[in-house]
Amino acid sequence: MIDEAHVRELRDARNDGAALVLLEGRAQVVDSPSGEEGGPEGALVVIGKRELTDRLGAAPTDRDLRDLARVLTDVVGRLGA
């Protein structure tokens, strides 16, 4: 569901307010999360760019990105999303 490419895309997002969300069952990176101006309605925020940077630091390795993607997929699965 969430893979390394999603986490990498969020890490590389220009907007510090960007987030990885689930929308209609699919993971995607958006500039503004649900409920904020320009954000998609009904999206479930999985992780924001600021939180991602706090968790992984400024220079995460490919392994760090893969590991976080696995953790996020597990968390989302437990939510039943």
Side-chain angles (χ1 to χ4, degrees):
M1 178 176 289
I2 296 171
D3 61 29
E4 180 183 343
H6 293 114
V7 178
R8 186 180 309 282
E9 183 180 352
L10 180 58
R11 180 201 65 185
D12 294 342
R14 291 182 182 169
N15 179 2
D16 284 339
L20 175 61
V21 301
L22 288 181
L23 184 61
E24 298 176 0
R26 293 181 1 166
Q28 58 186 292
V29 174
V30 296
D31 284 334
S32 299
S34 181
E36 293 186 17
E37 186 175 332
E41 274 306 305
L44 171 68
V45 176
V46 177
I47 190 169
K49 181 173 179 171
R50 290 182 191 108
E51 182 182 352
L52 180 133
T53 302
D54 289 347
R55 287 183 82 157
L56 297 180
T61 65
D62 289 343
R63 182 177 179 161
D64 293 334
L65 299 176
R66 279 191 305 273
D67 290 348
L68 182 57
R70 276 191 225 114
V71 167
L72 295 174
T73 295
D74 185 52
V75 168
V76 167
R78 289 174 190 221
L79 292 173

Interatomic distance, Asp54 atom CG to Arg50 atom CZ [nearest 0.5 angstrom]: 9.5 Å
Inter-residue atom distance Leu52.CG - Ile47.CD1, 0.5 Å rounding: 5.0 Å
Arg70 side chain reached by Leu68 side chain, heavy atoms, under 4.5 Å: no
Side-chain ion pair, Arg8 and Asp62, N-O less than 4.0 Å: yes
Please output the side-chain donor-acceptor pairs of residues 11-27 that fall under 3.5 Å, not counting sequence neighbours, one pair per line with the distance.
unit_1	atom_1	unit_2	atom_2	d
Asn15	OD1	Gly17	N	2.8
Asn15	ND2	Asp31	O	2.7

Those residues that, when tested against Glu9, pass side-chain contact (heavy atoms from CB on, under 4.5 Å) (two or more places apart): Val29
By side-chain contact (heavy atoms from CB on, under 4.5 Å) - contacts of Thr53 (at least two apart): Lys49
CG on Leu10 to CD on Gln28, rounded to 0.5 Å: 12.5 Å
For the student: nearest non-hydrogen atoms of His6 and Met1, plus distance: CE1-O, 3.4 Å
Closest non-hydrogen atom pair between Ile2 and Leu72, with its separation: CD1-CB, 3.8 Å
